[in-house]
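Notes to accompany the following structure.
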Amino acid sequence: MNNETGEIIYYGTLSYGDQVIYTAATEQGLCFVGSPAGGFSELEVWAKTYRNDSKLVEQAVHVGPYVQQIKEYLNKERTEFDIPVDLKGTDFQESVWAELRKIPYGETVSYSDIAERIGRPKAVRAVGRSNGLNPVMIVVPCHRVVSKNGNLTGFRGGLEMKQILLEIESVKRQV
């Protein structure tokens with residue numbers, strides 16, 4: 001869309017325990033899943049930085065189907081998502097995010113595995129950065145990427161949340 005009219009991004013919240021997670025979607029699909037500690041400001045900063053011509057509009061009805069599937073996942077009632085996503089990034093970022101979506105539920109891979117799979121074996125750090133910039137965590141499962149030795153490393157939602165997501169999927173890790 002052009003800058004005069006701007007893109008409309010609808011948002012709502014998802015409650016998980018005592019946490020509130022902001023979610024957002026465009027007409028094309030889910031475009032943002034916030035971190036539990038991020039609050040509304042995380043959504044605002046993301047929209048201004050990566051969708052700077054956008055307008056945030058609170059509309060729980062529009063994000064309802066996306067929130068429902070994420071809740072089902074968090075409640076161990078869903079292992080795959082069948083909702084559209086609207087990801088915008090560099091070609092490199094989008095290749096990383098596409099590869100993340102191929103990681104099966106309950107499995108982990110390393111950053112170097114992702115770099116190999118996208119044909120850029122020396123771009124491990126860039127893969128890590130792209131992983132960290134994934135705007136649709138959980139649905140685009142960046143939490144399934146761990147260090148080469150199996151340790152948990154960086155996650156926008158925090159390492160505690162990453163551990164919770166892996167436990168939901170019953171991932172067995174060597175620490």
Just how far is it from atom [atom1] of [X] to atom [atom2] of [Y], taken to the nearest 0.5 Å?
X    : Y    : atom1 : atom2 : value
L74  : Q19  : CG    : CD    : 11.0 Å
T79  : I168 : OG1   : CD1   : 12.5 Å
L152 : S147 : CG    : OG    : 8.0 Å
Y16  : L14  : OH    : CG    : 9.5 Å
T23  : L43  : OG1   : CG    : 8.5 Å
K162 : C142 : NZ    : SG    : 7.5 Å

Might you confirm whether atom [atom1] of [X] has over 12 heavy atoms from other residues, nucleotides or ligands at distances under 6.0 Å?
X    : atom1 : result
N75  : CG    : yes
E160 : CD    : no
E77  : CD    : yes
R120 : CZ    : no

(message) Determine whether V124 and K148 satisfy the following criterion, side chain to side chain contact (heavy atoms under 4.5 Å, CB included), listing intermediate values before the conclusion.
(response) CA-CA 11 Å; V124 177; K148 199 166 191 157; over 6 Å; no
I'd like to check [X] versus [Y] (side-chain heavy atoms, cut-off strictly below 4.5 Å). Are they in contact?
X    : Y    : value
S35  : M161 : no
W46  : P135 : yes
L30  : D86  : no
Q69  : D82  : yes
Q93  : K88  : no
V145 : F155 : no
S41  : Y22  : no

(message) For P65 versus V61, what's the shortest heavy-atom pair and its separation?
(response)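 Heavy atoms of P65 and V61 come nearest at CD-O, 3.7 Å.
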(request) Taking all non-hydrogen atoms of both residues into account, name the closest pair between V139 and P141 and its distance. (result)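 Smallest interatomic distance, heavy atoms only, reads O-CD, 3.3 Å.
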(request) Examine Y11 together with F40 and report whether their ring centres are nearer than 6.0 Å. (result)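 Centroid distance Y11-F40: below 6.0 Å, so yes.
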(request) Carefully, step by step, assess R101 and I103 under the rule side chain to side chain contact (heavy atoms under 4.5 Å, CB included). (result) CA-CA 6 Å; R101 296 185 80 188; I103 305 169; over 6 Å; no
(request) Could you check I164, D18, I21 and say which one makes a side chain to side chain contact (heavy atoms under 4.5 Å, CB included) with P36? (result)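 Of all the options given, the one that passes is I21.
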(message) Exactly one of I70, V85, V140 should register a side chain to side chain contact (heavy atoms under 4.5 Å, CB included) with V33. Which one does?
(response)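 Output: one option passes, namely I70.
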(message) Looking at F92, is its backbone amide N or carbonyl O close enough to the side chain of S95 to form a donor-acceptor pair, meaning the two atoms are under 3.5 Å apart?
(response)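 Here the side-chain-to-backbone pair exists.
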(message) Main chain of G89, side chain of E94: is a donor-acceptor contact present, judged purely on distance under 3.5 Å?
(response)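 Side chain of E94 to backbone of G89, a donor-acceptor pair under 3.5 Å: yes, one is there.
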(message) Are F32 and V45 connected into the same hydrophobic cluster when the rule is that any two of I, L, V, M, F, W, Y join if their side-chain heavy atoms are below 4.5 Å apart?
(response)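 Unlinked, V45 and F32 end up in two clusters.
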(request) Indicate if I83 and L100 have the same hydrophobic cluster label, given that clusters are the connected sets of ILVMFWY residues with side-chain heavy-atom separations under 4.5 angstrom. (result)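 Result: yes, single cluster for both.
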(message) Quick test of your reading: applying side-chain hydrogen bond (donor to acceptor under 3.5 Å, both in side chains), list the pairs with at least one residue in residues 126-146, sequence neighbours left out, ordered by first then second residue.
(response)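 Sorted result for residues 126-146: Y73-H143, H143-E169, R144-E169.
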(message) Ignoring hydrogens and geometry beyond distance, is a side-chain donor-acceptor pair present between T26 and E7 at under 3.5 Å?
(response)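 Per modelled atom types, T26 and E7 side chains form no pair under 3.5 Å.
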